[in-house]
Amino acid sequence: MNSKVYSTLYRNSQVGKKMLAVLIDPDKCSETHLNKFLPLLKVHTPDFIFIGGSQLKISFSPLIDLFKTELHIPVVLFPGDVSQFSPNADALLFLSLISGRNAEYLISQHVNAAIPIRKSGLEVISTGYMLVDGGSKSAVEYISNTQPIPHDKNDIALATALAGELLGLKAIYLEAGSGAQQPVSAQMIQHVKAHLSIPLIVGGGIKTNDQLQAAYQAGADLVVVGNVLETEPERIESFVSLLIQHK
Ligand code: 1GP
C-alpha cells in the first residue's frame, strides 16, 4: 500500500525535523479568506494541509484539488466522521478516539468506512486520537460524547498513547480541541514523547510562536494549527520561519 506521506512523517520524526500542518475547515473557508490565505501559503508553505471539521457535510474535493495544485504539498484528510472522505486527498488520518470509551469513534465508523477506503487506494495512516482538556468544552468532546483526558494527567496520556502504539497504530495525535483556551501542556507532550516510538502530532489552541516553540521543544514532531489562521492568516509567516529553524 502507498505510504508516501507516512514515510515523510516517520523519517522526519526519527531525525528530529519538525513539521507543520495547516488545518483547513471547509465550512469556515470562504472565498474571501482563500483569496487572502492561498498567496500567503504559497510563500510560507507548511509541510501539509490537513482538511476536515467536526460538522462538515459538504463535498470538499474541489478544495483539495485547489490546494494540491497551488501548493504542491500533501493534502491529508482529518475527518470528523465517516462522511468526510475524498479519494482526491494524498492520505487519510484514520483516527480512532482512543482517549474515549465510545465504540462509535473507536471502531464503528471505521467499519463503515473500511471497504470504500480500501477500494480508493488512498494512503491510510492509522492514528490514535487523544482528546485532552483544553479549558473549555470542545466540539469533539460534545459530538463524540467522550470525556477528555484531564490537562494535568500526564500518566494517563502516556498510558493511552502507549496502548495505541502497542495496538499497532502508526501515530498519536494529542488534541486539545479546535480553538482550545490552553494547548496540550509541554509537560504532557514531553512525558508522552519520552516513551513513544511513533510520530507525535499535537494540535488545538496553538496561536502564538511561543506556543508553537514550546510544543516543538517538548517533543511534538508535527504541530497542527487551524483557528488562529482563520482570523489572522498572516501569522503563517512567523510560524513557518520558526519551523525552518527546526529543520
Ligand atoms: C484542531 O488540532 C487542530 O483539531 C487545530 O486546532 O484550530 O485550535 O489551531 P486549532
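Note that the coordinates shown come from a computational prediction; the quantities given were computed from them, not determined experimentally.
Of all non-hydrogen atoms in Ser238 and Asn209, the two that sit nearest each other are OG-OD1, 3.0 Å. In terms of heavy atoms, Gln84 sits closest to Gly80 at OE1-N, 2.8 Å. When all heavy atoms of Gln181 and Ser136 are compared, the closest pair comes out as NE2-CB, 3.8 Å. Scanning both residues, Leu63 and Pro26, for their nearest heavy atoms gives CD2-CB, 3.8 Å. The minimum heavy-atom distance linking Gly204 with Ala176 is given by the pair O-CB, 3.7 Å. Smallest separation of non-hydrogen atoms from Asn227 and Gly179: ND2-N, 3.5 Å.
Within a 6.0 Å radius of CG in Leu166, other residues, nucleotides and ligands contribute more than 12 heavy atoms. No more than 12 heavy atoms of other residues, nucleotides or ligands lie within 6.0 Å of CD in Gln147, so this atom counts as exposed by the packing criterion. Around atom NZ of Lys119, no more than 12 heavy atoms belonging to other residues, nucleotides or ligands sit under 6.0 Å away.
Note: the hydrophobic cluster containing Leu38 also contains Val22 (ILVMFWY, side chain heavy atoms under 4.5 Å, direct or indirect links). Hydrophobic clustering (side-chain heavy atoms under 4.5 Å, transitive across Ile, Leu, Val, Met, Phe, Trp, Tyr) keeps Leu167 apart from Ile98. In the hydrophobic clustering of ILVMFWY residues, with side-chain heavy atoms under 4.5 Å counting as a link, Ile206 and Ile244 come out together.
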Item to check | Derivation of the side-chain contact (heavy atoms from CB on, under 4.5 Å) call for Ile64 and Ile51 | outcome: CA-CA 8 Å; Ile64 294 174; Ile51 193 156; 4.1 Å; yes
Next on the checklist: With side chain to side chain donor-acceptor pair (under 3.5 Å) as the criterion, how do Thr146 and Glu141 come out once you've worked through the C-alpha distance, each side chain's angles and the decisive distance to 0.1 Å?
Outcome noted: CA-CA 5 Å; Thr146 65; Glu141 178 182 348; over 6 Å; no
Checklist entry - Do Leu23 and Val225 pass the side-chain contact (heavy atoms from CB on, under 4.5 Å) test, and can you show the C-alpha distance, the side-chain angles, and the key distance before you say yes or no? => result CA-CA 6 Å; Leu23 174 63; Val225 283; over 6 Å; no
Checklist entry - Does the pair Ser120 and Phe85 meet the rule for a side-chain contact (heavy atoms from CB on, under 4.5 Å), with working shown? => result CA-CA 10 Å; Ser120 75; Phe85 174 71; 3.4 Å; yes
Next on the checklist: The test is side-chain contact (heavy atoms from CB on, under 4.5 Å); show your working for Val228 and Phe239 and say whether it passes.
Outcome noted: CA-CA 11 Å; Val228 71; Phe239 286 166; 3.8 Å; yes
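A salt bridge between Glu70 and Lys42 is present, with a side-chain N of the basic residue lying under 4.0 Å from a carboxylate O of the acidic one.
With contacts defined as side-chain heavy-atom distances shorter than 4.5 Å, the pair Phe60/Leu77 qualifies. Using a 4.5 Å heavy-atom threshold, the side chains of Val202 and Leu222 count as separate. Considering only heavy atoms from C-beta on, Ile172 stays 4.5 Å or farther from Ile201 through its side chain. Looking only at side-chain heavy atoms (C-beta outward), Val223 and Met19 stay at 4.5 Å or farther from each other. At least one side-chain heavy atom of Ile125 sits under 4.5 Å from a side-chain heavy atom of Val5. Looking at heavy atoms from C-beta onward, Ile49 lies in side-chain contact with Leu71 at the 4.5 angstrom threshold. Between Thr208 and Gln211 there is a side-chain heavy-atom pair separated by less than 4.5 Å.
Under a 3.5 Å cut-off, the side chain of Ser99 and the backbone N or O of Leu131 do form a donor-acceptor pair. Counting only distance, with no hydrogens or angles, the side chain of Thr8 and the backbone of Lys4 share a donor-acceptor pair below 3.5 Å. At distances below 3.5 Å, at least one donor-acceptor pair connects side-chain atoms of Glu175 with backbone N or O atoms of Gly177.
For Phe48, there are no ring-ring contact (aromatic ring centres under 6.0 Å, His included) partners at least two apart in sequence or on another chain. Glu31 is linked by a salt bridge (charged side-chain N to carboxylate O under 4.0 Å, His left out) to nothing, counting only residues two or more places apart in sequence or in another chain. Under the salt bridge (charged side-chain N to carboxylate O under 4.0 Å, His left out) criterion, Lys137 pairs with no residue, sequence neighbours left out. Partners of Lys193 under the salt bridge (charged side-chain N to carboxylate O under 4.0 Å, His left out) rule, at least two apart in sequence or in another chain, are Asp221.
Between Tyr173 and Phe78, the ring center distance clears the sub-6.0 Å criterion.
In this structure, CD in Glu230 is found 13.5 Å from CZ in Arg235, a value given to the nearest 0.5 Å. Residue Gln190 holds its CD atom at 11.5 Å from CG of Leu200, rounded to the nearest 0.5 Å. Atom SG of Cys29 and atom CG of Leu229 lie 11.0 Å apart (nearest 0.5 Å). Here the OH atom belonging to Tyr216 is positioned 13.0 Å from the NZ atom belonging to Lys17, to the nearest 0.5 angstrom. To the nearest 0.5 angstrom, Leu212 atom CG is 10.5 Å from Lys18 atom NZ. Note that CD1 of Ile236 and CG of Leu20 are 5.5 Å apart. Values are rounded to the nearest 0.5 Å.
Side-chain contact check for Asn102 and Ser144: no donor-acceptor pair (N or O, by modelled atom type) lies under 3.5 Å. For the residue pair Gln213/His246, the side-chain donor-acceptor check at 3.5 Å is satisfied. Between the side chains of Glu123 and Ser3, no donor-acceptor pair is found at a separation under 3.5 Å.
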Under 3.5 Å, sequence neighbours excluded: what are the donor-acceptor pairs made by side chains of residues 86-95?
| unit_1 | atom_1 | unit_2 | atom_2 | d |
| --- | --- | --- | --- | --- |
| Ser86 | OG | Ser61 | OG | 2.8 |
| Ser86 | OG | Asn88 | N | 3.1 |
| Asn88 | ND2 | Asp65 | OD1 | 3.0 |
| Asn88 | ND2 | Asp65 | OD2 | 3.2 |
| Asp90 | OD2 | Val75 | N | 2.8 |

Per-pair distances, 0.1 Å, donor-acceptor, side chain in residues 149-161, under 3.5 Å, sequence neighbours excluded:
| unit_1 | atom_1 | unit_2 | atom_2 | d |
| --- | --- | --- | --- | --- |
| His151 | ND1 | Asp133 | O | 3.2 |
| Asp155 | OD1 | His191 | NE2 | 2.7 |
| Thr160 | OG1 | Ile156 | O | 2.6 |

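Cation-pi geometry between Lys170 and Tyr6 is met: under 6.0 angstrom from the ring centre, within 45 degrees of the axis.
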